[in-house]
Amino acid sequence: MAVDERGFESGTDVLIRKVDGHLAAVRVGLHGPELELAERLAGCLRELVVSTAQASAADRGRVRAAVHFFVLRRESRGRLLSVRSLAAAQQVVNRVARQLGRPDLLVETRPEGPARPAARTPGDVVVG
């Protein structure tokens with residue numbers, strides 16, 4: 001069964017590397033509350049990846065989808081994640097955490113910094 005364990009480990013490592021690599025990339029362009037949100041989302045995703053390494057294929061698939069949503073989401077003109085994309089990723093990550101029975105990993109929006117009404121649209125619902 002060592003093959004199965006290595007498969008889980010390599011899949012886990014790949015997802016964590018994707019999260020860490022993306023976080024390193026967004027650190028260049030994000031600051032303040034947006035960077036903090038990205039870091040908290042990355043931390044939650046890392047924990048979900050590790051905690052579901054031996055879980056069902058469906059649960060691992062949910063986590064993998066959340067990782068890909070965080071890593072691949074692009075709604076800005078540049079390379080980096082926009083604030084709106086972070087809010088969307090937050091919704092996805094929180095939904096997966098709830099589905100997996102991990103409310104302790106919910107990422108809440110902290111009301112730090114100045115209000116940014118232009119960065120929110122009616123579709124951006126804060127989940128927390």
Side-chain angles (χ1 to χ4, degrees):
M1 303 281 172
V3 173
D4 289 339
E5 290 177 19
R6 278 185 291 208
F8 283 128
E9 287 177 27
S10 66
T12 298
D13 292 344
V14 167
L15 290 175
I16 289 175
R17 278 196 307 271
K18 284 183 181 208
V19 169
D20 290 345
H22 183 65
L23 184 59
V26 299
R27 280 185 176 134
V28 173
L30 294 179
H31 304 286
E34 290 86 11
L35 177 58
E36 184 180 325
L37 177 58
E39 288 176 345
R40 286 185 285 127
L41 287 169
C44 176
L45 286 168
R46 278 188 221 100
E47 177 62 31
L48 287 172
V49 167
V50 170
S51 67
T52 58
Q54 301 283 333
S56 70
D59 287 349
R60 290 191 322 271
R62 286 183 181 100
V63 173
R64 188 172 48 256
V67 167
H68 290 161
F69 192 91
F70 175 68
V71 171
L72 301 176
R73 189 76 171 166
R74 301 277 191 267
E75 290 182 5
S76 63
R77 292 185 194 149
R79 292 180 53 234
L80 301 177
L81 217 58
S82 70
V83 173
R84 182 174 176 206
S85 289
L86 285 174
Q90 180 183 14
Q91 290 177 21
V92 170
V93 170
N94 283 343
R95 184 178 316 124
V96 170
R98 280 192 195 94
Q99 289 172 342
L100 297 175
R102 295 296 308 267
D104 58 307
L105 294 178
L106 293 178
V107 177
E108 297 181 21
T109 302
R110 295 185 181 163
E112 297 173 10
R116 297 173 58 128
R120 302 251 183 242
T121 65
D124 292 338
V125 178
V126 177
V127 178

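Heads up: numbering here begins at 1 and tracks the sequence. These figures come from a predicted structure and were not determined experimentally.
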(request) Specify the closest pair of heavy atoms between Val19 and Ala42, including all atoms of both residues, with the distance to one decimal. (result) CG1-CB, 3.5 Å

(request) Can you see which heavy atom on Cys44 is nearest to which on Leu105, and at what distance? (result) SG-O, 3.1 Å

(message) Does this structure show an ion pair linking Glu39 with Arg27, if we count only N-O contacts that are shorter than 4.0 Å?
(response) yes

(message) Could you measure the distance from the CG atom of Leu45 to the CZ atom of Arg64? Nearest 0.5 Å is fine.
(response) 13.5 Å

(request) First locate atom NZ of Lys18, then atom CG of Asp13, and finally report the distance between them rounded to the nearest 0.5 Å. (result) 13.0 Å

(request) Check Ala53 against Arg60 and note the closest heavy-atom contact, atom names and distance. (result) O-CD, 3.7 Å

(message) Would the distance check show the side chain of Thr52 and the main-chain N or O of Ala55 forming a donor-acceptor pair, the cut-off being under 3.5 Å?
(response) no

(message) Does Glu36 form a side-chain contact (heavy atoms from CB on, under 4.5 Å) with Leu30? I'd like the steps, not just the answer.
(response) CA-CA 9 Å; Glu36 184 180 325; Leu30 294 179; over 6 Å; no

(message) Assess the residue pair Arg46 and Asp20 against the criterion (side-chain contact (heavy atoms from CB on, under 4.5 Å)); give the C-alpha distance rounded to whole Å, side-chain angles, the decisive distance to 0.1 Å, and a yes or no.
(response) CA-CA 9 Å; Arg46 278 188 221 100; Asp20 290 345; 2.6 Å; yes

(request) Mind checking the CG-CG spacing from Asn94 to Leu41? Nearest 0.5 Å is all I need. (result) 7.5 Å

(request) Say whether, by atom type as modelled, one donor and one acceptor occur between the side chain of Arg62 and the main chain of Arg95 under 3.5 angstrom. (result) no

(request) Among Leu35, Leu37, Val107, Thr109, find the residue that satisfies the side chain to side chain contact (heavy atoms under 4.5 Å, CB included) test when tested with Leu86. (result) Leu37

(request) Return the minimal non-hydrogen interatomic distance between Ala89 and Phe70, and the atom names on each side. (result) CB-CD1, 4.2 Å

(message) Using 0.5 Å steps for rounding, measure from the CG atom of Leu106 to the CD atom of Gln90.
(response) 9.5 Å

